[in-house]
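One structure is given below, encoded as structure tokens.
Remember, it's a predicted structure, so these values are computed and weren't measured experimentally. Proteins come first, then strands; the chains are lettered A, B, ... in the order of their sequence lines, and each starts at number 1.
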Protein chains: 2
Amino acid sequence: MVEDVVRTLGFLCLGSRLRRIGERLQADTQQIVDAAGLGIQAGQYPFLAAIDRAGPLTIGELAQSVGITQPGATRTIGQLLELGLVDMRPAPDDQRRRLVSLTDKGQELVNYSKTTIWPRVAAAVADLCGDLDGPILAQLATIEDGLAAAPLIRRGTTAASRVLSDAEQEEGR
Amino acid sequence: MVEDVVRTLGFLCLGSRLRRIGERLQADTQQIVDAAGLGIQAGQYPFLAAIDRAGPLTIGELAQSVGITQPGATRTIGQLLELGLVDMRPAPDDQRRRLVSLTDKGQELVNYSKTTIWPRVAAAVADLCGDLDGPILAQLATIEDGLAAAPLIRRGTTAASRVLSDAEQEEGR
DNA sequence: CTGAGATATATTACACGTTATATAACAATA
DNA sequence: TATTGTTATATAACGTGTAATATATCTCAG
């Protein structure tokens, strides 16, 4: 077996490692989403969730809200337009801004996801790392080992509804 | 100010969030590397470090070692070949395998980086999150806030040598 | 020793992030 | 009001990960 250098090098490779774990988590999440038969990418959800929470948002606000750059937001919103999940029209007061809102179809998808997929994913992730504590490198090692032992799709199918609100509290610090 | 949904949604978006932070860390690391005037990408370092630690490795072993897929390893090694930092030749016993080793130039770069850049980066990251403890979501929030307050390049220029060995111990659990 | 399957690497196409820059609309001042 | 600068979005080019597949080499059963 070969040494995992990214893991061995600790803080030096923390960036690579976070990215790597994040990609793995997203891929695992995609499996759960796909299993529900919705034709959507997991990475598109934060955009829908942002509009669902805050009401119609401009491209720039969406970019800020999901934490990526504006061209990335423009592209993803383009995809969601194609899928008929969102609608875009110029803001009435400023023709430069484009207000993006959920279509009925988009709102339905969000409502459905909120009751089924999202709690399921949150519960699986919580099962993976919800009770962890301690230095970050140790937690990451546990998460990596945990994912190797059992992917998200085989985790946490119970107590799902509890988890979302916990997450929000967490952030409220 | 717009709400950060990825942060708000907690475990549900942990994948996106880890990726986002990882990308940010890597971009910050690149600044430090660039400041040293070496014409190398931060993401290429793990490959060099892997060979430096284990001796010549095949493409497949490198992929495993760095934790990416084989096509990614093939591409990065291609770049390092272009840069003259590594050498590749078929394994003597199996013509399918390609053994990748450091050139003199590559070894020099590693030796130099080991004494200057790597401790610098590790120290900056340790300064950012070395003393953190507690649930992972809280730690991530602190890291995000910390990066916003002061990027890596403005962190941890002292006590650098200590950090690398600590990281290795950490992993030894 | 030959043909079938397995394995290692290379190639291709794609996903999704970035930076840099173009374009359109707004704001302000000479 | 015409010009000049700023702001919002779109587009282009690129980086670096992935999955799917082609190609070359090895292994082994018949």
Give the rounded distance in Å between these two atoms: [atom1] of [X] and [atom2] of [N].
| X | N | atom1 | atom2 | answer |
| --- | --- | --- | --- | --- |
| A:I68 | D:dG15 | CD1 | C1' | 16 Å |
| A:L25 | D:dT18 | CG | P | 14 Å |
| B:R89 | C:dA8 | CZ | C1' | 17 Å |
| B:D28 | C:dT18 | CG | C1' | 14 Å |
| A:Q26 | D:dG17 | CD | C1' | 12 Å |
| A:L18 | C:dG17 | CG | P | 16 Å |
| A:R20 | C:dG17 | CZ | P | 20 Å |
| B:I77 | C:dT9 | CD1 | C1' | 12 Å |

For the side chain of [X], counting heavy atoms from C-beta on, which of [options] is nearest?
| X | options | result |
| --- | --- | --- |
| B:T69 | C:dC26, C:dA10, D:dA19 | D:dA19 |
| B:I59 | D:dG17, D:dA8, C:dA10 | C:dA10 |
| B:E23 | C:dG17, C:dC16, D:dA10 | C:dG17 |
| A:R98 | C:dA8, D:dT9, C:dA25 | D:dT9 |
| A:Q95 | C:dC26, C:dT18, C:dT9 | C:dC26 |

### Task
Check for a donor-acceptor pair, side chain of B:E61 on one end and backbone N or O of B:T58 on the other, with a separation under 3.5 Å.
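Indeed, once roles are kept as given, a pair shorter than 3.5 Å links the two residues.
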
#### Entry: Nearest-nucleotide 5' precedence on DNA chain C, A:P71 against A:P92
A:P71

### Task
On DNA chain C, check which nucleotide each of B:E61 and A:Q41 is closest to and give me the residue with the more 5' one.
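Its nucleotide being nearer the 5' end, the pick is B:E61.
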
### Task
Please state whether the base of C:dT7 and the side chain of B:R96 form at least one donor-acceptor pair under 3.5 Å?
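Between C:dT7 and B:R96, which were checked side chain against base, a qualifying N/O pair under 3.5 Å is present.
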
### Query
Ignoring hydrogens and angles, does a donor from either the side chain of A:Q70 or the base of D:dA10 sit under 3.5 Å from an acceptor on the other?
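Result: at least one qualifying N/O pair found.
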
### Task
Examine D:dT18: is either OP1 or OP2 under 4.0 Å from a nitrogen or oxygen in the side chain of B:R75? Give yes or no.
no

### Task
Taking only the side-chain nitrogens and oxygens of B:T74, find out if one of them lies under 4.0 Å from OP1 or OP2 of C:dA10.
yes

### Message
Nearest heavy atom decides the nucleotide; on that basis, is A:R19 or A:L99 closer to the 5' end of DNA chain D?
### Response
A:L99

### Message
Please determine whether a side-chain nitrogen of the Lys or Arg among B:K114 and B:D52 lies less than 4.0 Å from a carboxylate oxygen of the Asp or Glu.
### Response
yes

### Task
Look at A:D4 together with A:R20 and state whether they make a salt bridge at an N to O cut-off of under 4.0 Å.
yes

### Query
When all nucleic acid strands are considered with a 4.0 Å heavy-atom cut-off, which category describes B:G60: base, sugar-phosphate, or nothing?
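B:G60: backbone/sugar contact only, no base atoms under 4.0 Å.
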
### Task
Determine, stepwise, if the pair A:E3 / B:S65 fulfils side chain to side chain donor-acceptor pair (under 3.5 Å).
CA-CA 6 Å; A:E3 173 191 54; B:S65 185; 5.4 Å; no

### Message
Please report the interatomic distance CG(A:L14) to CD1(B:I21), rounded to the nearest 0.5 Å.
### Response
9.0 Å

### Message
Regarding A:Q70 and A:T74, do their side chains bring together a donor and an acceptor under 3.5 Å, going by distance alone?
### Response
yes

